[in-house]
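Here is the structure we will look at, set down as structure tokens.
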Amino acid sequence: MKSRNLLKFGLIAAAALMVFGCGSGEASSSASSSTPTTAPTTEGKKLKIGVSIPSADHGWTGGVKYWAEQEMKKHPEIEWVYQTADNPAKQNESLDAMLAQKIDGLVILAHASEPLTPKAKELHDAGVFIINVDRGFTEPVADIFLAGDNKAFGRISAEFIAKQLGGKGNVLILEGVACNVNTDRVEGAKEIWAKNPGIKVLDSQQADWNQQKAFEKMQTMLVKHKEVNAIWAADDDMALGAEKALKEAGRDKNIFILGGAGMKDIVKRVMDGDPMFPGDVTYPPSMIAQGIELAVKTMTGKTKAELKAWKPTNEVVKIELIEKANAKDFYFPDSIY
Amino acid sequence: MKFLKNNQALVALAAMYILYVLIDVIWWKKGVATDPQNLRNILSQNSYTGIIAVGMTLVIIGGGIDLSVGSLMGLLGVLSILALNKPADDPTKTIAAIVVGVGAGALIGFANGVIITWGKIAPFVATLAGLVGFRSLALALTDARSLTSSSKDLFPGLAQGGIPIPGAVDAAGRPLLAHWPIFIFIAIAAVSSWILNRSVYGRRLIAVGANETAAIYSGIRSNQIRVISYTILGICTGIAAVLQGSRLTGADPASLGQIVELDAIAAVVIGGTSLNGGKGQIWSTVVGVLILGLISNILVISSINPNWQGCVKGVIILLAVLIQRGQKSTS
Amino acid sequence: MILVTGLTKAFGSNVALDAFDISIQPGEIIGVIGENGAGKSTFMKLLSGVHQPSGGAIQIEGSSKSFATPREAQAEGIAMVHQELNLIPTLNAADNIFLGREKGGLTVNRKETIAEAAELLRLVGANFGPEALCGDLSVAQQQLVEIAKAISQKPKLIIFDEPTAVLGEQESVELFTLIRGLKEQGVAVLYVSHRLPEILSLTDRLVVLRDGVKVGEYPTAGQTEGSLADLMVGRPLADIFPQRTTDPATAPIELQVNQLTSLPLVQDVSLTLHKGEILGIAGLIGSGRTEFAEALVGLRKSSVNSVAIDGTSVKISGLQDALKNGIAYISEDRKGKGLITSMSIRDNICLAALRQLSNKPKQQETTANWIQNLSIKVADAELPMTSLSGGNQQKCAIAKWLALNPKILILDEPTRGVDVGAKAEIYALIAKFAQEGMSCIVISSEMPEIIGLCHRALVFRDGNVEGELQQNELTEANIMRLAAGIKEGGKAA
């Protein structure tokens, strides 16, 4: 009886593995099963580059996945090893797997900085060329760091709110999942408001980057706070949830929402002059595509030794304010985000 | 006195609410604890989890458990919005969305039950497979994109419409609506309570959950009984998914229904239903849902640092269960 | 009426019942006896649809039947009162009686259910109503619900499996009256019991099984306990009780308990136990015997004036304290509290002494020793406990505590559900322990056991010691008198 149960458990585990294995395997094969063009390295074989990103658990990470897959398709000359991960621990494991597959380079958007730094260092020490996107490691292990600037995200959007309110008004905050990204954005925003004594932050709640949670938390905050002039949300998904709560409570007049990350639906409404969304800030998930492109450009044609001698460089993805005037430059109707 | 002893969950809920009102009156002075809009929000926000928790109560009383409902809700939401977005006129679309969402829920619930009973796989394991599998299926079907409902009128009205609460208006001067899901939740709870306490099926479900061998010796087809309970839960999950899709005018495959299974099981347990099966009540689960909803509401209103809210919530849940235990041991 | 021919059941290569024939007529009471593992349970389970036969036929009123489920057997008029109680604790008596055959269509017809249940409960002599929650009923009361449930099916045949195992004397007497009443109404009864006096007084004829084979069918008249035991075991069994050679009354006092109280069932119980003595504790079900033992070893909350072992005062607030002081308690509930039946024989025997038996070789050695010392019949000590018969399981339960070298051994119903042969072996073991200087307390509902085994006995009544009987005073009449609270004059207290 006992052994039968064990057997069953094994079968289920195997089935589960197959489901997931297929999920990610399909993506990697579609990216790697490209035409066998001649190897671009001087060492005579195809470059093998790993791409490790968080799995799509909300709109923005969905965008990351989309842009990463688009960019990999553009470069069939590279052998891609592509993995998404639910959490930092899983991402660590997938890095181990990539190391075992002897990748030459790695493009990584880390779930979180601290837990992944040691593993990234291990890969770096093993001679893997590392392009780190968005969230920086706590040690200088990246050869190229393409930084997303979450503090700037917070500052720019907070400044816009202050300007829009004429330096005076009440603000509610919707935060994402507690993590560095969220903390940087919220701190950036609060720095600005600290300099604007007329702006009062009434309340701040976590809505986990999730539309439904943002909706519900905002419903409750609106009951408590009768005078609200603006809502600052740490990303556009939550901004949409906040809007639903405002409409549902009949509080959608004389108030506006500022999210961020440049979701196409929101950018469209900025472009159309919707009073609910006078602006947005960019934090494009396409930065992963930039990272992948950088990897291909930098690594192609270089020898191992040349890459080893590479001096680490830093680049910052510029965070820009989207307003009605410039919105059309940021509107990509074909993007999934 | 006997009533109180037999209704510990209700005592916990009442105690919590009275505390809420007192803190509000003495300390915050905002009137939120008695604000009709806030109370309506609590009911409305928790009716979705509540509908699932009612089905979960039946499954747990029958000696099972279902961890897959959260992911299933995501999948059913996606399926129902996909059905909705087929080109057709609005009423047809909406009916298609309901039929697909609820129908697929029933089918998958039935399949869960069959795997558990005739497949002889422990409920925990079988539905754990569903927990990971259904979410993945939802993501795969949509390529991880959020779906937006194409119905502008009828479908959103399912969850966004309702009955005006007499005398209450919102900030825009419109009558405050008690949303349909609140009534659907109450209706499902009432029907399930009747099933559990009055129907022949209910007797047999309790018997199977308490002592399956004894039930079989009494001539009960225990597999059939258990499969029905999972099917009912699947239907409940489908209803909740369609309504949530209506409320959010779309479905996000990644986040819809996330950890609803834990909230639903927590509500069942807080209400006082034993995880061992064979014992429990629907209305006590309804109270459990309200306790959880009230806790979340209090936490948001109290402006406790979001990072600490989980701790506070955990302590309050333990306290609620302890209040029940205390009541029980004095009886 | 019912004709069984060539009924055979094999579990894998093990033939549990081999070509069994029997013919049952209306209004007959047939006793079924045999040692544990003789095939009695298998036979009953085949007849009641729990198991399906590997061969043979069951004919009812001349037409051949096969039962895939208990439901189908019930439909053909065969009801069974199981030995393990099969009630739903969270449902009331009425719902339990009609479980699976509820009154009403979609909805339960409560009025009718309650009314009919009340009538049935009255018939079986229950002192509780149909709306009593089964979980709140005593084991004996639950047994009455089981019986009412069987009768409610208006069966042609009722099978009773050890019905008196959990009943007190009085309740047993009422049950026999009921069974004789059923006989008058033309219902056939199969009566399975280890209690040979019951078989002798109740049945018309009897069937003896041994090792899955029918030894024979005999009219009950003319048989004696001795002849039945011989038939079951297949060899003469002179006396199942060993000689009591020593007189421990003069030996030093090993254990002295002064006024132990554990409400609500035990009040101010005091006792003394000499070295090498076998002290019996008799009394009716619910008189607080088990609760006293559990309180003494710290399994129940209690207050006590003093407990002294070897003259030294000790404090026992948990089972660990009891074990440290050399007291071991072997529960009456072998399957529920005594053994972990899904674990192996070795794991069970070594469970209490794991700290001393930290590695596998040590455990194997200890297990092998006990298997030999207690002559436990074991094919392989790594097999699960369920592979053993009741008697051998009980020996394992005893071995588990002996592995700790206790000075005082409390055995609660040591031979419940154990066949005659194994009983004799267990009695011999207890006598041997006592001879070697261990002090034993034997709690038993079987009066012959108290009378034949013990040096002295206390009789409990309502949580108190009603009286003490020396070896020469140990008779069924004396024990019953004290247990029922009847004063010397013959009047009930």
Side-chain angles (χ1 to χ4, degrees), chain A residues 4-5 8-9 11-13 15-16 19-20 22-23 26 55-59 61-63 65-66 69 84 173 175 178 202-213 215-226 237 240-241 244-253 263 265 336-337, chain B residues 28 30-32 35-42 44-46 48 119-122 125-126 128-129 132-133 136-137 139-140 142-146 148 160 169-174 176-177 179 244 247-250 252-258 296-303 305-307 309:
Chain A
R4 241 178 89 196
N5 281 338
K8 279 179 202 155
F9 188 78
L11 280 173
I12 295 158
V19 170
F20 295 114
C22 290
E26 192 178 60
S55 26
D57 54 8
H58 65 282
T61 42
K65 180 170 172 279
Y66 169 82
E69 287 167 10
T84 63
I173 293 181
E175 301 186 24
L202 296 177
D203 213 335
S204 176
Q205 292 292 334
Q206 271 175 9
D208 302 351
W209 315 121
N210 174 320
Q211 205 188 112
Q212 182 193 332
K213 280 210 177 130
F215 180 7
E216 291 173 359
K217 296 265 165 115
M218 187 50 66
Q219 271 190 316
T220 308
M221 283 201 281
L222 287 175
V223 171
K224 188 179 172 193
H225 305 288
K226 303 294 182 199
D237 274 315
L240 285 177
K244 290 205 167 77
L246 289 175
K247 284 201 167 146
E248 196 271 334
R251 299 267 293 266
D252 51 345
K253 299 280 177 301
M263 181 191 271
D265 296 349
I336 75 155
Y337 183 67
Chain B
W28 301 330
K30 291 218 177 251
V32 282
D35 185 322
Q37 190 166 357
N38 192 35
L39 297 177
R40 190 280 316 258
N41 285 348
I42 295 175
S44 182
Q45 289 170 3
N46 292 287
Y48 307 90
K120 293 198 170 73
I121 293 176
V125 178
L128 188 65
V132 287
S136 155
L137 205 54
L139 289 166
T142 54
D143 209 7
R145 298 168 201 223
S146 264
T148 307
Q160 295 174 17
V169 289
D170 70 8
R174 298 174 305 184
L176 195 63
L177 296 179
H179 296 124
Q244 194 66 270
R247 175 175 176 235
L248 300 172
T249 55
D252 179 31
S255 66
L256 178 62
Q258 225 170 24
S296 302
N297 188 264
I298 294 174
L299 287 175
V300 174
I301 294 286
S302 66
S303 304
N305 180 337
N307 292 334
Q309 287 187 4

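Below, chain A is the first sequence line, B the second, and so on; all start at residue 1. Remember, it's a predicted structure, so these values are computed and weren't measured experimentally.
There is no contact between B/S146 and chain A, counting heavy-atom distances below 4.5 Å. With a threshold of 4.5 angstrom between heavy atoms, A/K253 does not approach chain B through any atom at all. Looking at B/N297, the atoms closer than 4.5 Å to chain A (heavy atoms on both sides) sit in the backbone and in the side chain alike. Heavy atoms closer than 4.5 Å to chain A are found in both the backbone and the side chain of B/I301. Interface remark: B/Q160 contributes no atoms to any contact with chain A (heavy atom separation under 4.5 Å). Proximity to chain A is absent for every atom of B/S296, based on heavy atoms less than 4.5 angstrom apart. For B/L299, the part lying near chain A is the backbone, with the side chain staying farther off; criterion is any non-hydrogen pair under 4.5 Å. Looking at B/T142, neither its backbone nor its side chain comes within 4.5 Å of chain A, counting heavy atoms on both sides.
Here A/K224 does not pair with B/D35 in a salt bridge; the nearest charged N to carboxylate O distance is not below 4.0 Å.
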task = Give the C-alpha distance, both sets of side-chain angles, the deciding distance and a yes or no for side chain to side chain contact (heavy atoms under 4.5 Å, CB included) between B/D252 and A/Q211.
result = CA-CA 9 Å; B/D252 179 31; A/Q211 205 188 112; over 6 Å; no
request  = Go through B/R247 and A/Q212 one step at a time and tell me if the side chain to side chain contact (heavy atoms under 4.5 Å, CB included) criterion holds.
outcome  = CA-CA 9 Å; B/R247 175 175 176 235; A/Q212 182 193 332; 4.1 Å; yes
inquiry  = Evaluate A/Q219 against B/Q45 for side-chain hydrogen bond (donor to acceptor under 3.5 Å, both in side chains), listing each step before the verdict.
reply    = CA-CA 9 Å; A/Q219 271 190 316; B/Q45 289 170 3; 2.6 Å; yes
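Rounding to the nearest 0.5 Å places CD of A/E248 at 8.0 Å from CG of B/D170.
Looking only at heavy-atom pairs under 4.5 Å with chain B, the residue among A/K244, A/K213, A/K217, A/Q205 that has the most is A/Q205. In terms of heavy-atom pairs under 4.5 angstrom with chain A, the leader among B/Q309, B/Q37, B/Q244 is B/Q244.
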